[in-house]
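So the structure is just underneath, and the comments pick up after that.
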2 protein chains.
Amino acid sequence: MNLRDLKYIVAVADEKHFGRAAEECAVSQPTLSAQIIKLEDYLQIQIFERHRGNLIITPAGAEIIQQARIILDHAEQIHKISAFATDRFAGTLSLGIIPTIAPYLLPLILKKLASQLPKLTLQLKEAQTHQLISDLKDGKIDAMILALPTEETTFKEIDIYREDFYLAVPENHPFAQKKVIQTDTLDGESFMLLEEGHCLRDQTMELCRLKPSQIGQSLRATSIETLLEMVRCGHGMTVVPELVTKQGRGNICFIPFAKPIPHRRVGLVFRQTFSRQDLMVKLVETMQGIL
Amino acid sequence: MNLRDLKYIVAVADEKHFGRAAEECAVSQPTLSAQIIKLEDYLQIQIFERHRGNLIITPAGAEIIQQARIILDHAEQIHKISAFATDRFAGTLSLGIIPTIAPYLLPLILKKLASQLPKLTLQLKEAQTHQLISDLKDGKIDAMILALPTEETTFKEIDIYREDFYLAVPENHPFAQKKVIQTDTLDGESFMLLEEGHCLRDQTMELCRLKPSQIGQSLRATSIETLLEMVRCGHGMTVVPELVTKQGRGNICFIPFAKPIPHRRVGLVFRQTFSRQDLMVKLVETMQGIL
DNA sequence: TATTTTCAATAGATAAAACCTATCATATAT
DNA sequence: ATATATGATAGGTTTTATCTATTGAAAATA
């Protein structure tokens, strides 16, 4: 049995005439006749009684045609679903973002993004890199924004922006007077970092070549904001990405690093096999246009 | 798009594995893969994201699969309808019967017929021959029982029984003493007939070679029972088929005719193209067994 | 009654598709 | 580094759908 066959019998039921039904289905009359005979043969049941000018639908045939109409309706639905879905910039996108990006990037772009991609609905999830990677593999999210690279071969990455790091010190700290800072002058300083699992923690440790003794152990900071609060109170210093410095903050100085300026690449990551790659490109372009 | 394709994507959605889905569909994995790719291509939409061991259904794909399940359900319905309908002795049969047969034949057979063809429901319609012929052509009824032949080339006829005619006279009539009656002794007698349109009227006129002057004009009898009531009251005589004589009636004598005995053939008639010919044969055999 | 018209089925040939086996490519697990 | 698992690709075969032309049978018309 075949959707085409069902179309044929519905056409015959509508037209009560094989020739006209064939025309409606854009096939020749013998083709339509043969297919219907084959269907009747397959179902072991007669659907139509043929007479000239007087076509009778058998009772079972009428029931079958009723089902066929339902089936064709739903088949049409499938076409509609596809047609809608092929508007690649519409629909819902489930997007993961790491905690050191989300609160600083989202306020800058969400509003304009909604106006430039009006048919796109974002479903946001904030989690650490390793969690997002797992979610992306499982299909729980469609894409994610985080620090590149991910080292995952099954993912594709597109750079969105490059973000320089800054040293955050209390404004009464000696460093606060410096225009730039050399990473090798940080040797004895005491640092505060985010809790384990944040990529920013690892990046900071690496770029400042921190010894375990320099890292404040008492604190398990879950956010940059907490960290900055501690800095403000003079418990130590920390490193933050550029976007964090854009919001006005009292009592804290953000000192640029000397060249080569340490930074991170922030990008959009998705599965190589993801079905909406053109939306990914569009999304990145739109975000870059806003920033 | 094709019912087979829909079966394939539902199988993949269920199994989350192309190989197992192919097995379930009893085709090779390349076949299933190729068909699904072709479907995705045709719909211009990706239904699955392929990874090893981790198959993800796209949002649009999920909607399509939902529709596909509905469609396959209804397709299954079509199979069930056919399977039920191919029990050729089940279902409803719309049967027309002429008024000179219905009230005498039906009481004899209906009960036993219901027990011997328990799954068959009869929908009975009583009408004159010409009306039944028109209804049968239009498919308003499936078959009819009447006096043969119909002279219609598009119908098939099966004889059920042969029915001799009898002369009905009041018991005080001189003819009432006769064992048999010769048709050529009826010349001057006055007859009462059914109204126009009844085949029995025409048959009686023919077999008795009645002149218009012999036929009572005042009466437009719509049933044999009315006619017999008139005979009982001595208004004349009439001719009735054998089954009418089987019910005990006072004050009326039914005289057999001399050879060659005039009679009519009663049979089952249906369209040559009717889909339940084997039921027709079975029905006639069953009725003959009962009579 | 004979002829024409109408309508669906049949015949024969061609084109399209679905299918199979064998193999490849890639990612994951060992 | 090797083996395994999974889905895609290649090439060839079979099946199916389709076409045009024709036939057959009933109905309408002359």
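Computed over heavy atoms, backbone and side chain alike; hydrogens, waters and symmetry mates excluded. Just so it is clear: chains get the letters A, B, ... in the order the sequence lines come, proteins before strands, and each one is counted from 1.
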Nucleotides 9-25 of chain D: protein proximity per nucleotide (B base, S sugar-phosphate only, - neither; heavy atom, under 4.0 Å): B-------SSBBB----
Quick one: sort the His74(A) and His74(B) rings into parallel, tilted or perpendicular, breaks at 30° and 60°. parallel
Residues Arg50(B), Glu40(B): salt bridge by 4.0 Å N-O rule: yes
May I have the distance from Ile36(B) (atom CD1) to dT6(D) (atom C1'), rounded to whole angstrom? 14 Å
Please report the distance, rounded to the nearest Å, between OH in Tyr42(B) and P in dA16(C). 17 Å
Partners of Asp73(B) by side-chain contact (heavy atoms from CB on, under 4.5 Å), sequence neighbours excluded? none
Do NZ/NE/NH1/NH2 and the carboxylate oxygens of Arg271(A) and Asp138(A) come within less than 4.0 Å? no
Whole-Å gap separating C1' (dG7(D)) and CZ (Phe48(B)): 13 Å
Lys7(B) NZ to dC19(C) C1', in whole Å, measures 14 Å
Nearest whole angstrom, please: distance from the C1' of dA18(C) to the CE of Met1(B). 18 Å
Would you say CD of Glu15(B) has more than 12 non-hydrogen atoms from neighbouring residues, nucleotides or ligands within 6.0 angstrom? yes
5′-ward residue of the pair Arg20(A)/Lys137(A) relative to DNA chain C: Arg20(A)
What pairs with Glu196(B) under salt bridge (charged side-chain N to carboxylate O under 4.0 Å, His left out), at least two apart in sequence or on another chain? Arg201(B)
Between dC7(C) and His17(A), is there an OP1 or OP2 to side-chain N/O distance shorter than 4.0 Å? yes
Nearest-angstrom distance from the residue atom CD1 of Ile56(B) to P of dA27(C): 15 Å
For Glu163(B), is there an ion pair with Arg265(B) - N to carboxylate O distance below 4.0 angstrom? no
Given atom NE2 of His51(A) and atom C1' of dA9(C), what is their separation to the nearest angstrom? 15 Å
Send over the distance from Ile57(B) CD1 to dG7(D) P, rounded to a whole Å. 13 Å
N/O (side chain, Arg50(B)) to phosphate O (OP1/OP2, dT6(D)) under 4.0 Å: no
